[in-house]
Amino acid sequence: MTEPTPTTPDARRAAPSAEPDAEQLAIRLAAVVGRLLRRLRSTSSEGLLTPTQRSVLARLDREGPATTAALARAEYVRPQSMRLTLGALESQGLVERAPDPEDGRKSVMSLTESGTATLAEVRAAKRDWLAQALAAEFDGAERRAVAEAVELLDRLTDR
């Protein structure tokens, strides 16, 4: 019988026997997180939204109304690209435009009720898929281990 390699499913599921090398752990963690994010994106109940559109809706929900320029800076895209994204969202009735209270020459974008509901549906689809996958794939001890890992990753992201 051959020894499992780091890329075989058995080796990926096996508990580490020694203290892992930080660089190798970083490579594996980035790969796993990337696969998880792609899987979560694929569960979205709104197939008509691009990842950028979902990100803009989430930002408007979290931070409130914003100008096109502010959204472009926050999303690291050109203002022209953000205008296209916002135009698509506006045509779907997910965001609305209003005059900027500080500068009437500008406008601010905000979520509509439909945008809030769509974002809630997208989030619920992701949450439901993940909860079902955790329940189906892991026993109680494994779910506790995942919960501990979540706490550690949360601490890491707060750095």
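Everything quoted here is computed from the prediction, not taken from an experiment. Computed over heavy atoms, backbone and side chain alike; hydrogens, waters and symmetry mates excluded.
The environment of CZ in R62 is crowded: more than 12 heavy-atom neighbours from other residues, nucleotides or ligands sit within 6.0 Å. Shown here is E23, whose CD atom has no more than 12 heavy atoms of other residues, nucleotides or ligands within 6.0 Å.
In this structure a side-chain-to-backbone donor-acceptor pair under 3.5 Å is present from T118 to S114. A donor-acceptor pair under 3.5 Å links the side-chain atoms of E142 to the main chain of D139, judged by distance alone.
Interatomic distance, CZ of R78 versus CG of L84, reported as 8.5 Å (0.5 Å rounding). Taken to the nearest 0.5 Å, the CZ atom of R59 stands 12.0 Å off from the CG atom of D61. Here CG of L94 is found 10.5 Å from CG of L60. Values are rounded to the nearest 0.5 Å. To the nearest 0.5 angstrom, Q53 atom CD is 6.0 Å from T85 atom OG1. Rounded to the nearest 0.5 angstrom, L86 CG and S107 OG are separated by 9.0 Å. Annotation: the span from E96 atom CD to E90 atom CD amounts to 9.0 Å, rounded to 0.5 Å.
Ion pairing between a basic and an acidic side chain is recognised when a charged N comes within 4.0 Å of a carboxylate O; R123 and D128 show no such pairing.
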>> Determine whether L130 and T43 satisfy the following criterion, side-chain contact (heavy atoms from CB on, under 4.5 Å), listing intermediate values before the conclusion.
In response: CA-CA 9 Å; L130 190 53; T43 65; over 6 Å; no
>> Using the rule given for side chain to side chain donor-acceptor pair (under 3.5 Å), can you reason through S55 versus E75, listing the C-alpha separation, both sets of side-chain angles and the distance that settles it, and then say yes or no?
In response: CA-CA 8 Å; S55 180; E75 295 290 325; 2.7 Å; yes
>> Could you walk me through whether M109 and T67 satisfy the side-chain contact (heavy atoms from CB on, under 4.5 Å) test, starting with their C-alpha distance in whole Å, then the side-chain angles of each, then the deciding distance to 0.1 Å, before giving a yes or no?
In response: CA-CA 6 Å; M109 303 302 289; T67 64; over 6 Å; no
> After noting the C-alpha distance and the side-chain angles of L49 and L57, does the key distance pass the side-chain contact (heavy atoms from CB on, under 4.5 Å) rule?
Replying inline: CA-CA 10 Å; L49 293 178; L57 290 179; 3.9 Å; yes
>> Does E151 form a side-chain contact (heavy atoms from CB on, under 4.5 Å) with E148? I'd like the steps, not just the answer.
In response: CA-CA 5 Å; E151 292 300 321; E148 290 174 14; 5.7 Å; no
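Note on L29: it clusters hydrophobically with L37, by side-chain heavy-atom contacts below 4.5 Å among ILVMFWY residues. Hydrophobic clustering of Ile, Leu, Val, Met, Phe, Trp and Tyr side chains at less than 4.5 Å, counting indirect connections, keeps V32 apart from F138. Put simply, V95 and V108 are part of two different groups of oily side chains (I, L, V, M, F, W, Y) that touch within less than 4.5 Å, one to the next. V150 is connected to L134 through a chain of hydrophobic side-chain contacts under 4.5 Å among Ile, Leu, Val, Met, Phe, Trp and Tyr, so both are in one cluster.
Here the closest heavy-atom approach between residue S91 and residue A88 is recorded as OG-O, 2.8 Å. Listed here is the closest heavy atom pair of L119 and R54: CD1-O, 4.3 Å. Residues P20 and L25 share a closest heavy-atom pair of CG-CD2, 4.3 Å.
No side-chain heavy atom of R73 sits under 4.5 Å from any side-chain heavy atom of M82. Looking only at side-chain heavy atoms (C-beta outward), R105 and D100 stay at 4.5 Å or farther from each other.
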